[in-house]
Amino acid sequence: MTATPPTLAPTGQHHGLAIALFAVVVLVTLAITLWVGRRGQAAEDFFAGGRDFSPLQNGFALSGDYLSAASFLGVAGLIALYGYDGVLYSIGFLVAWLVVLMLVAELVRNAGRYTLADVLALRMRDRPVRAAAGSASIVVTLLYLIAQMVGAGSLVALLLGTDSGQAKTWTIVGVGALMIVYVTVGGMRATTWIQIVKAFLLIAGSVLLTVLVLVRFHGDVADLMRTAAQGSGAGQRYLEPGLKYGTGVTSRLDFFSLGLALVLGTAGLPHILSRFYTVPTARAARRSTMWAIGLVGAFYLMAIVLGLGATALIGSPAVRAANPAGNTAVPLLALDLGGGTGSTWGIILFALISAIAFATILAVVAGLTLASSAAFAHDLYARAWRRADEPPVTEHREVLVARIAAVAIGALAIVLSLFAQQLNVAFLVGLAFAVAASANLPVLLFSLFWQRFTTRGAVWSVYGGLVPAVLLVIFSPVVSGSRTAVFPGVDFHWFPLENPGLVSIPLGFLAGWLGTLVSREKPDADRYAELEVRALTGTGAA
């Protein structure tokens, strides 16, 4: 079976079909937003969707929030380019949910209200921990937003058969505008329903493509792997560790750093943590997580097949030629499975999968924008930046500020995304996971399980993970010094690793421990006991 590069030049008729499917996705999601947006305007509706979603519904929404452009476009693309090393992403993304299930889901649902900072404020001084946690949440969600919008630019550029920077730019601007509408009009209710619809479409599309790949190889997975190795241009090395992360000590450390970030990062992602507040009880949060694990696990098994299929049927060189980061491997695979560029079914399948990927991006950016705007309005504006003698912010004003913040954060994400268009979306998400695991996870675990933990320890833990993670990314090959860097023409990098997790995650834990040791503040045993009872039993939970 030979790998024949597809021609990326849709005819006007086929181009119109794809644009029509994209328009349907946009209209359906906007209709959901407008329909749901009229049902409730209270803070609990905007930030937590009224807390009345069932475990199955929230499980689909959780998987919808989690299965982003990095999953559908980036992971399969990395497998198509790097084989075994690309599979690390799917394994890391899946194993991370065990950490969420065992350590986070129920406790966070009981202890918090809308954000991570609500959990910390139960036993710490309110203003310092909200300022730290709110700032970290915004940084993490911005990094994640950039990944989604870069994926959108690559997808639409492929659809139009062009590598034009102008097409990608306008796509990023359009996605940013849509996500602002979703959040400002519909809040968490609309975002959740969009996630549910998107998750169903994504799983259905993945099943369809996986079945078609396996049928093409008569169900022989060994033949699929052999053909993929031939199409990769690397031979047997494609199926062995080391094609991307095996060229030296530095790349092996990067491999370990990435795995650490992926496994630990999910439990610190603001938009995932906020999902646990949309169900009525901690038991429902746990069952939601179990549903999500099943859906996410099934998807990543299929993503491996899709990545191998793209290499076997299209070839790594052709995938790389279409997009250097591999972000368009799945749509190209759909085109080939339907019969190729000149076939009607090929273009229909290509357009359908592209539309599902676009729906994936729209849904995830809505959830991310909502999480970051909630952190700004609920944690920073309403609490961290208010003096003790000022009157408390009303719920109505808090929701209004969150809507304004969604506009500002969306605009900032658009600008930043324009500088990161050459990076793989799964790789960008890996950076977001590293920052989340460095800044949010240590303080969350210390707060829930360490009785001696103090406010200074909490603040040091957040900033002690956040600041090094961001600085190490800025001075890494991701930003300068390499062909695929954000600024490829300059070189000011001194940190050798592409992912900072190996250094920044231990620093976050170390800073929290040191901050507690040097703090003159005595830990409040009564408040810790109150947190423990509430987290474990749900007594007093919102």
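Remark: Gln195 CD to Leu67 CG distance equals 9.5 Å, nearest 0.5 Å. Put simply, CG on Asn58 and OG1 on Thr278 are 3.5 Å apart, with the number rounded to the nearest 0.5 Å. Atoms CD1 and CG, from Ile138 and Leu145 in turn, are 11.5 Å apart once rounded to the nearest 0.5 Å. Once rounded to the nearest 0.5 Å, the distance linking OH of Tyr238 with CE of Met225 reads 9.0 Å. We find the CG-CH2 distance between Leu295 and Trp97 to be 10.0 Å, quoted to the nearest 0.5 Å.
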Do Met179 and Met149 pass the side-chain contact (heavy atoms from CB on, under 4.5 Å) test, and can you show the C-alpha distance, the side-chain angles, and the key distance before you say yes or no?
CA-CA 10 Å; Met179 76 183 182; Met149 297 168 81; 4.2 Å; yes

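Below 30°, between 30° and 60°, or above 60°: for Phe433 and Tyr144 the angle between ring planes is between 30° and 60°, a tilted geometry. Taking the six-membered ring for Trp and thresholds of 30 and 60 degrees, Phe446 and Phe453 have ring planes inclined between 30 and 60 degrees apart.
At distances below 3.5 Å, not a single donor-acceptor pair connects side-chain atoms of Ser461 with backbone N or O atoms of Ala511. Using a distance-only test at 3.5 Å, with no hydrogens or angles considered, a donor-acceptor pair links the side chain of Ser476 to the main chain of Val473. A distance-only check finds no donor-acceptor pair linking the side chain of Arg287 to the backbone of Gly59 [under 3.5 Å].
Listed by first and then second residue, the side-chain hydrogen bond (donor to acceptor under 3.5 Å, both in side chains) pairs that reach into residues 365-380 are Thr115-Asp379, Asp118-His378, Arg130-Asp379, His378-Arg383, His378-Glu398, sequence neighbours excluded.
The two residues Ser480 and Val490 have their closest heavy-atom pair at CB-O, 3.4 Å.
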